[in-house]
Amino acid sequence: MGADLSHLLNTYGMQFLNSYWVSLQIALLAFAGGFLLGTLLTVARVSPIPPLRGAVNVYVETFRNAPVLCVLIFIVYALPDLGVVIDYEPSVIIALILVSSAFACDNLRTGINTIDAGQIEAARALGMGFTSIVGSVVLPQAFRSVIQPMVTLFISVVISSSAGSLVPLAHKELTGLVAEINNHEALGVLTFLVASLLYVFTGLIIAFFGRRVERRLAIWR
């Protein structure tokens, strides 16, 4: 086993690092997009316009319960039939954004529910409008209260970036590289072990910085 591991790292070590970087890029772009879209959805979800709130609820329930794989298959194979063709890597990122934004919206709604209603009433009494209340009172507190759920979501997005292995990306992500290596060599468990360790390492790093950010924000409260 030691000889196989040495062969794997010597032969494919740089490819593992490159594929790991591709996975991180996909995850970072998808999480940033999902967080931004989730924030906009949250604002719409608490707006005083019932049809808008209803539309956001449908969106959140749909994509929160849809596997990333199903969303990706729809984008890659169904949209071209409707005349919409998207390259493979953007398709993976869009699928992750759609799903992660639904969870981000749900997390932020939970954060908003922790805010004392008296603060909102006081802001209204001061003559603040909906946009000012949301931007100055609601969202800043909601963001601080959902650090850990967002960290968990980020880790989930990193892991879910492995869905990219199911489409022919120009630059292989981590799980796709493992499949490619095992198609050429009978290294089996070792390739999955290396990939798993990289995923675990990434999750631990994200969790570590998430805890530091949460502690820092707790001091500022």
Side-chain angles (χ1 to χ4, degrees), residues 16-47 56 59-60 63-65 68 71 89-90 92-120 122-123 128 130-164 173-175 194-221:
F16 267 107
L17 291 178
N18 291 337
S19 295
Y20 176 60
W21 176 236
V22 171
S23 293
L24 286 183
Q25 286 180 305
I26 290 174
L28 287 168
L29 290 172
F31 179 74
F35 182 82
L36 178 59
L37 179 56
T39 301
L40 296 176
L41 289 170
T42 302
V43 173
R45 203 175 193 181
V46 299
S47 74
V56 172
Y59 175 97
V60 170
F63 287 105
R64 193 182 63 170
N65 295 290
V68 173
V71 179
E89 190 165 323
V92 176
I93 294 172
I94 291 171
L96 288 169
I97 286 175
L98 292 174
V99 174
S100 63
S101 65
F103 283 97
C105 180
D106 231 26
N107 289 343
L108 286 171
R109 184 184 67 170
T110 302
I112 289 173
N113 289 338
T114 65
I115 300 173
D116 185 359
Q119 295 186 41
I120 297 175
M128 296 176 66
F130 171 77
T131 303
S132 298
I133 292 174
V134 170
S136 302
V137 179
V138 175
L139 285 182
Q141 296 186 69
F143 288 145
R144 287 196 293 268
S145 65
V146 297
I147 297 296
Q148 282 306 318
M150 288 300 183
V151 167
T152 301
L153 177 59
F154 189 13
I155 294 172
S156 176
V157 171
V158 172
I159 295 171
S160 296
S161 67
S162 61
E173 50 73 54
L174 197 53
T175 306
V194 173
S196 297
L197 289 175
L198 288 171
Y199 282 124
V200 170
F201 169 76
T202 305
L204 292 174
I205 292 296
I206 294 171
F208 170 76
F209 282 105
R211 287 192 295 271
R212 294 200 63 177
V213 170
E214 187 175 41
R215 286 197 295 269
R216 181 65 59 83
L217 291 177
I219 293 173
W220 290 348
R221 290 177 186 175

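Once rounded to the nearest 0.5 Å, the distance linking OG of Ser160 with CD1 of Ile26 reads 11.5 Å. Separating the CD1 atom in Ile120 from the CZ atom in Phe130 is a distance of 10.0 Å, to the nearest 0.5 Å. For the atom pair CZ of Phe103 and CG of Leu153, the computed distance is 8.0 Å after rounding to the nearest 0.5 Å. Rounded to the nearest 0.5 angstrom, Asn107 CG and Thr39 OG1 are separated by 10.5 Å. Taking CG of Leu198 as the start and CG of Leu24 as the end, the distance is 9.0 Å to the nearest 0.5 Å. With rounding to the nearest 0.5 angstrom, the CG atom of Leu174 is 10.0 Å from the CG atom of Leu17.
Taking all atoms of both residues into account, the shortest heavy-atom contact from Cys105 to Thr42 is CA-OG1, 3.5 Å. Contact record, Met150 with Phe31: O-CE1, 3.7 Å, taken as the closest heavy-atom pair. Residues Ser162 and Glu173 come closest through the heavy atom pair CA-OE1, 3.5 Å. Here the closest non-hydrogen pair linking Ala104 and Gly34 is CB-O, 3.9 Å. The nearest pair of heavy atoms linking Ser136 to Met128 is CB-CE, 4.2 Å. Among all heavy-atom pairs drawn from Val157 and Ala30, the shortest one is CG1-CB, 4.0 Å.
Applying the side chain to side chain donor-acceptor pair (under 3.5 Å) test to Thr202 and every residue at least two apart in sequence or in another chain returns Tyr20. Residues satisfying the side chain to side chain donor-acceptor pair (under 3.5 Å) test with Thr175, not counting sequence neighbours, are Tyr199. Annotation: side-chain contact (heavy atoms from CB on, under 4.5 Å) contacts of Ile94 (sequence neighbours excluded): Ile75, Ile86, Leu98. Pro140 is linked by a side-chain contact (heavy atoms from CB on, under 4.5 Å) to Arg144, counting only residues two or more places apart in sequence or in another chain. Looking at residues two or more places apart in sequence or on another chain, you find a side chain to side chain donor-acceptor pair (under 3.5 Å) between Arg64 and Glu61, Asp106.
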**OP:** Could you give me the CA-CA distance, side-chain angles and deciding distance for Phe154 and Val151, then say whether side chain to side chain contact (heavy atoms under 4.5 Å, CB included) is met?
**Re:** CA-CA 5 Å; Phe154 189 13; Val151 167; 5.6 Å; no
Subject >> Intermediate values then yes/no, side chain to side chain contact (heavy atoms under 4.5 Å, CB included), Val138 and Val46 >> reply: CA-CA 10 Å; Val138 175; Val46 299; 5.8 Å; no
Original post:
Does the pair Leu108 and Phe143 meet the rule for a side chain to side chain contact (heavy atoms under 4.5 Å, CB included), with working shown?
Top reply: CA-CA 7 Å; Leu108 286 171; Phe143 288 145; 3.5 Å; yes
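The side chain to side chain donor-acceptor pair (under 3.5 Å) pairs that include a residue from residues 94-104 are Tyr59-Ser101, where partners are two or more places apart or lie in different chains.
Val60 places a side-chain heavy atom less than 4.5 Å from the side chain of Arg45. Leu139 places a side-chain heavy atom less than 4.5 Å from the side chain of Val43.
No donor-acceptor distance shorter than 3.5 angstrom exists from the side chain of Ser156 to the backbone of Thr152, with no hydrogens or angles considered.
Screening Glu214, Arg211, Arg215, Arg212 for a side-chain contact (heavy atoms from CB on, under 4.5 Å) involving Ile147 leaves a single residue, Glu214.
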